[in-house]
Protein chains: 2
Amino acid sequence: MEDQKKRILLVEDDPNFGTVLKDYLMMNDYEVTHAKNGMEGFEKFKKDDFDLCILDVMMPYKDGFTLAKEIREKNTDVPIIFLTAKTMKEDVLRGYKVGADDYLNKPFDSEVLLMKIKAIIQRKATETISDSKQFEFKIGGFDLNSKLRFLRFKGGEPVKLSPKENELLRLLALHENDLMPRELALTKIWRDDNYFTSRSMDVYIAKLRKYLKLDEKVEILNIHGEGFRLVINT
Amino acid sequence: MEDQKKRILLVEDDPNFGTVLKDYLMMNDYEVTHAKNGMEGFEKFKKDDFDLCILDVMMPYKDGFTLAKEIREKNTDVPIIFLTAKTMKEDVLRGYKVGADDYLNKPFDSEVLLMKIKAIIQRKATETISDSKQFEFKIGGFDLNSKLRFLRFKGGEPVKLSPKENELLRLLALHENDLMPRELALTKIWRDDNYFTSRSMDVYIAKLRKYLKLDEKVEILNIHGEGFRLVINT
DNA sequence: CGCTCCTTTTAACCTTACATTAACAAAAAT
DNA sequence: ATTTTTGTTAATGTAAGGTTAAAAGGAGCG
């Protein structure tokens, strides 16, 4: 695909273990940035683009989950692997909630880690074909700037969108005229699929419809039991 | 959401463990087919469409890996999770080689398994890009879009179809001008063949006929005791 | 701290959509 | 002629979605 080395952000407070792991990964052709704690990890994350984050869960000042949440706010796509000291169920579940792609129990087998890294990066690579950095959309008479979170109608005054409004409208726009499955929004935006998140989503659909009323050619249709469809009538 | 329970193929030779696991999964709203060995597993796999396969590695006659290879030959997409008795590195690596999506060491935590299942099925759902052509049919003067569940006559206003209406019309269209056996619709759509589902189907046939009246060249004929036939007269 | 403002969730109430079942008529088979 | 199958409409019960308002969180700030 490309001979570009994949970049990994490794956040691990144990200096010995961290260094060993870093060297091992570098030996296997990854470019590794090693941060010694959560704070530093977040700083480095913001500075660079990474293909994968490996986060230790147990760290002073800022644990892996908190860091993951912050990372997820900036980037919903980057794969995250957690390192946990032992099999703690709570950890695992919590990890999935913040959008972990996998987790590993220390001590773990290094070859297994390599396989996981390969599998995950490859997976994301195939997924990302369509998810290419798209933040600006034309929706009928509207312009949505999803990075700056505003929606403007016919060059008028832009209206600010809340994070959830923005993400939801963006997902709909990505699937313009096509089905945007309920499940997709719930897992991608709410990271949980239950009765309440589902109702919450309905509330946001109502809000978006209110914004979009300005252009009667634009509407959000429901497909019962499946999801929603943003249609632009011509 | 009722008629789209996710279907899991569970292949596990230990009858106790297998039954417990099956029950647990069913309690969590999955439809589970339990095969007691690799052979049976493959047979069942060929007969049905599954959303996920959970394979025990250690089985007599045909181990999980061999089965996985056979499954992969028929279907490159279906997610596979392996159950291994203990952390055996070779197993894990071999599993990834045949395209495993994940693996679990027995004994494992059931909640963790559930989370993994959820994560994997959802991942696949988002990956699966629109295989559109499968869902669009021309029926005389009508266009049926089976994914978005609408039926349009001569470019007019599309009418929305309910899930059952949609599935039934799609099945009929797939057998255009040919017999669509009653039993086929009942097993594929209603997943059950009895007096009531059969009457329910008749009700839906009536509904479809009403929609299709717009084009007098299109009709649904009954073949007494056999099924229905969607004919397009020229 | 407590107080804003903004966002998100939860609750409440109402409407629409769906699937099933019942009921009765008509057609076909025996 | 009578039993079985199909045609059709209507009634029923439940689930999903639409909408608004109130409650709960959360970040920033005096």
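Proteins get letters first, then strands, A, B, ... in listed order; numbering begins at 1 in each.
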### Summary
In short, side-chain hydrogen bond (donor to acceptor under 3.5 Å, both in side chains) pairs touching residues 225-234 of chain B with sequence neighbours left out are B:Glu219-B:Asn233
### Message
Per the side-chain hydrogen bond (donor to acceptor under 3.5 Å, both in side chains) rule, what does the pair list look like for residues 149-165 of chain A, sequence neighbours excluded?
### Response
A:Glu165-A:Tyr211
### Task
Taking only heavy atoms on the protein side, list every residue of residues 209-216 of chain B lying under 4.0 Å from any atom of DNA chain D, sorted numerically.
B:Arg209, B:Lys210
N/O donor-acceptor pairs under 3.5 Å from side chains in residues 17-28 of chain B, not counting sequence neighbours:
{"residue": "B:Thr19", "atom": "OG1", "partner": "B:Pro15", "partner atom": "O", "Å": "2.6"}
{"residue": "B:Asn28", "atom": "ND2", "partner": "B:Tyr24", "partner atom": "O", "Å": "2.8"}

### Task
Could you tell me the separation between the CG atom of A:Asp202 and the C1' atom of D:dT20, rounded to a whole number of Å?
13 Å
### Query
Side-chain N or O of A:Trp190 less than 4.0 angstrom from OP1 or OP2 on C:dT9?
yes
### Query
Think A:Arg170 forms a cation-pi with A:Phe135, using NZ or CZ under 6.0 Å from the six-ring centre and within 45 degrees of its axis?
yes
Under-3.5 Å N/O pairs linking protein and nucleotides 15-18 of chain C:
{"residue": "C:dC18", "atom": "OP1", "partner": "B:Arg149", "partner atom": "NH2", "Å": "3.3"}

Report, one pair per line, the protein and nucleotides 10-12 of chain C atoms (nitrogen or oxygen only) whose separation is under 3.5 Å.
none

### Task
Figure out the CG/P separation between B:Leu208 and D:dT9, and round it to whole Å.
13 Å
### Query
Once you round it to whole Å, what is the distance between C1' of C:dA27 and CD of B:Glu226?
16 Å
### Query
To the nearest Å, how far apart are A:Met201 CE and D:dA16 P?
14 Å
